[in-house]
Amino acid sequence: MTYTIGEPVQVLDKGHITLRGVTGDDWTIVEAARVSIGAGRKGDEQDTRLINYLMAHKHETPLEMADISLVVKCPIFVARQWMRHRMASYNEISGRYVELKECFYVPEAFRGSSASNKQGSGAELHDNALHDLYATAMVHARDTYNALLAAGVSREMARMVLPVATYTEFWCKMNLRSALNFISLRNAPDSQYEIRVYAEHIEAMIGHLFPVVYAAWKRHQSSPSLTAG
């Protein structure tokens with residue numbers, strides 16, 4: 001998939017992720033690394049070898065000199081997991097300033113508890129009655145929210161009745177080092193599906209925007225060290 005600045009890509013049933021800006025490229029990392037010796041680029045072959053060396057030896061500080069900016073629309077429970085990653089800058093829509101849109105995440109299927117991971121999910125539960133129960137709760141929360149607003153309750157208090165399945169929207173700016181860390185944790189088999197699908201898109205973005213760094217990162221996550229060029 002190609003990611004174009006300003007064009008949203010759908011995620012989940014009503015969410016999206018939009019690339020809003022990019023600072024730097026693969027060779028920005030090289031120049032940031034070599035500034036310590038007063039040097040710059042030395043050609044694609046040597047520069048690629050240096051990037052591999054950096055990734056193999058976990059010399060990741062130069063990765064902080066490049067970043068991506070995103071606009072993310074996701075359920076609140078996904079946003080709360082996301083924002084545990086503190087090496088990023090965030091700005092989120094405020095339910096104190098505006099009325100939150102009547103937009104809830106509805107999963108295609110519910111999942112049972114994992115037998116091996118207390119916080120994870122297991123097999124899908126195919127039960128239409130569960131979807132009906134869920135939908136009733138969402139509609140009731142929405143109607144209560146609207147009724148509170150109509151009665152003159154402040155937005156900052158009326159929002160308290162809304163579930164964490166409510167969609168929120170935020171800007172996120174993260175450097176390349178932080179983005180790779182996010183991917184390693186959130187695009188993993190034991191990560192919750194609903195955040196993993198966003199992490200999959202970020203990984204694809206990194207692969208598209210920083211192909212040399214991404215290839216080296218994939219190669220050296222658990223590989224022996226190389227010699228720098």
Side-chain angles (χ1 to χ4, degrees), residues 1-12 15-35 41 44-74 78-92 169-226 228-229:
M1 177 177 289
T2 299
Y3 296 91
T4 303
I5 292 177
E7 293 187 7
V9 176
Q10 182 176 341
V11 188
L12 297 179
H16 64 241
I17 187 167
T18 307
L19 177 66
R20 289 304 303 263
V22 184
T23 301
D25 55 22
D26 288 315
W27 313 129
T28 301
I29 309 308
V30 170
E31 292 179 297
R34 287 209 179 104
V35 71
R41 294 201 57 192
D44 289 359
E45 183 176 348
Q46 288 193 62
D47 293 348
T48 298
R49 200 154 59 234
L50 173 60
I51 288 175
N52 276 274
Y53 176 86
L54 295 174
M55 303 310 293
H57 289 274
K58 305 299 182 184
H59 296 324
E60 298 174 344
T61 303
L63 299 176
E64 297 175 17
M65 299 303 117
D67 59 51
I68 59 173
S69 296
L70 310 168
V71 176
V72 180
K73 181 180 179 182
C74 66
V78 171
R80 296 302 162 260
Q81 290 185 43
W82 194 312
M83 291 180 186
R84 290 180 63 82
H85 296 265
R86 296 173 179 85
M87 286 183 62
S89 298
Y90 301 105
N91 197 32
E92 186 177 9
E169 190 168 5
F170 62 91
W171 280 64
C172 171
K173 182 179 181 180
M174 62 174 74
N175 63 54
L176 188 53
R177 183 181 190 180
S178 177
L180 292 174
N181 179 63
F182 180 90
I183 293 166
S184 68
L185 295 173
R186 298 302 182 180
N187 193 14
D190 60 348
S191 180
Q192 184 171 352
Y193 166 78
E194 283 79 9
I195 194 170
R196 192 167 71 243
V197 289
Y198 287 89
E200 288 172 354
H201 281 289
I202 295 178
E203 180 165 353
M205 286 181 188
I206 298 302
H208 175 68
L209 297 169
F210 302 91
V212 180
V213 169
Y214 177 71
W217 177 72
K218 291 288 286 186
R219 183 178 301 117
H220 299 300
Q221 286 187 85
S222 58
S223 69
S225 300
L226 299 181

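The figures here come from the full heavy-atom set of this structure, side chains too, leaving out hydrogens, waters and symmetry mates.
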Q: Not counting sequence neighbours, list each pair that qualifies as a side-chain hydrogen bond (donor to acceptor under 3.5 Å, both in side chains) and has a residue in residues 82-91.
A: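 Those involving residues 82-91 are His85-Arg186.
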Q: Should Tyr53 and Thr48 be marked as a side chain to side chain contact (heavy atoms under 4.5 Å, CB included) after you check the CA-CA gap, both sets of side-chain angles, and the distance that decides it?
A: CA-CA 9 Å; Tyr53 176 86; Thr48 298; over 6 Å; no
Q: Set out, in order, the CA-CA distance, both residues' side-chain angles and the distance that settles side chain to side chain contact (heavy atoms under 4.5 Å, CB included) for Met55 and Leu180, then state yes or no.
A: CA-CA 11 Å; Met55 303 310 293; Leu180 292 174; 4.2 Å; yes
Q: Stepwise, does the side-chain hydrogen bond (donor to acceptor under 3.5 Å, both in side chains) test hold for Asn181 with Ser178?
A: CA-CA 5 Å; Asn181 179 63; Ser178 177; 5.8 Å; no
Q: To the nearest 0.5 angstrom, please state how far the SG atom of Cys172 sits from the CZ atom of Phe182.
A: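 One finds 7.5 Å between SG of Cys172 and CZ of Phe182.
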Q: Nearest 0.5 Å, please: how far is NE2 in His16 from NZ in Lys73?
A: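 If I round to the nearest 0.5 Å, the distance is 6.5 Å.
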Q: In a table with atom names and distances, give each donor-acceptor pair under 3.5 Å that connects a side chain of residues 200-215 to protein atoms at least two apart or in another chain.
A:
residue	atom	partner	partner atom	Å
His201	ND1	Tyr3	OH	2.7
Glu203	OE1	Asn187	ND2	2.7
Glu203	OE2	Tyr214	OH	2.5

Q: Give me the atom names and distance for the closest heavy-atom approach of Pro62 to Ile29.
A: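 Looks like O-CD1, 3.4 Å.
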Q: If you round to the nearest 0.5 Å, how far is CG of Asn175 from OG1 of Thr61?
A: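 With rounding to 0.5 Å, OG1 (Thr61) is 10.0 Å from CG (Asn175).
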Q: For side chain to side chain contact (heavy atoms under 4.5 Å, CB included), just list the numbers for Met174 and Ile68, CA-CA rounded to whole Å, side-chain angles, deciding distance to a tenth of an Å, and then say yes or no.
A: CA-CA 6 Å; Met174 62 174 74; Ile68 59 173; 4.1 Å; yes
Q: What pairs with Asp47 under salt bridge (Lys or Arg N to Asp or Glu O under 4.0 Å), at least two apart in sequence or on another chain?
A: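 Expected list: Arg34, Arg41.
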Q: Between Leu19 and Leu70, is any pair of side-chain heavy atoms under 4.5 Å apart?
A: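 Yes, close enough: below the 4.5 Å cut-off.
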Q: Which distance, rounded to the nearest 0.5 Å, do you find between the CH2 of Trp171 and the OG1 of Thr18?
A: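 It comes to 9.0 Å.
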Q: Within this structure, what is the CE-OG1 distance for the pair Met65 and Thr28, rounded to the nearest 0.5 Å?
A: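 Met65 atom CE to Thr28 atom OG1 measures 10.5 Å (nearest 0.5 Å).
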Q: Where do Val30 and Ile51 land on the side chain to side chain contact (heavy atoms under 4.5 Å, CB included) test, with the steps shown first?
A: CA-CA 7 Å; Val30 170; Ile51 288 175; 3.7 Å; yes
Q: Can you see which heavy atom on Ala216 is nearest to which on Asn52, and at what distance?
A: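 Nearest pair, atom of Ala216 first, then Asn52: CB-OD1, 3.7 Å.
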Q: If I compare all heavy atoms of Ile5 with all of Gly21, which pair ends up nearest, and what's the gap?
A: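 Between these two residues, the closest heavy atoms are CD1-CA, 4.3 Å.
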Q: Please check if the side chain of Gln10 supplies one atom and the backbone of Leu12 the other of a donor-acceptor pair under 3.5 Å.
A: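 Flag set: sc Gln10 to bb Leu12 pair under 3.5 Å.
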Q: Flag the pair Gln81 / Glu194 as yes when at least one side-chain heavy-atom distance between them is below 4.5 Å, and no otherwise.
A: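 They are not in contact (no side-chain heavy atoms under 4.5 Å apart), so the answer is no.
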Q: Are any non-hydrogen side-chain atoms of His220 and His57 less than 4.5 angstrom apart?
A: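 The answer is no, as the side chains (C-beta and beyond) never meet within the 4.5 Å cut-off.
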Q: At their closest point, which heavy atom of Cys74 faces which heavy atom of Ala79, and how far apart are they?
A: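 Residues Cys74 and Ala79, closest heavy atoms: SG-N, 3.7 Å.
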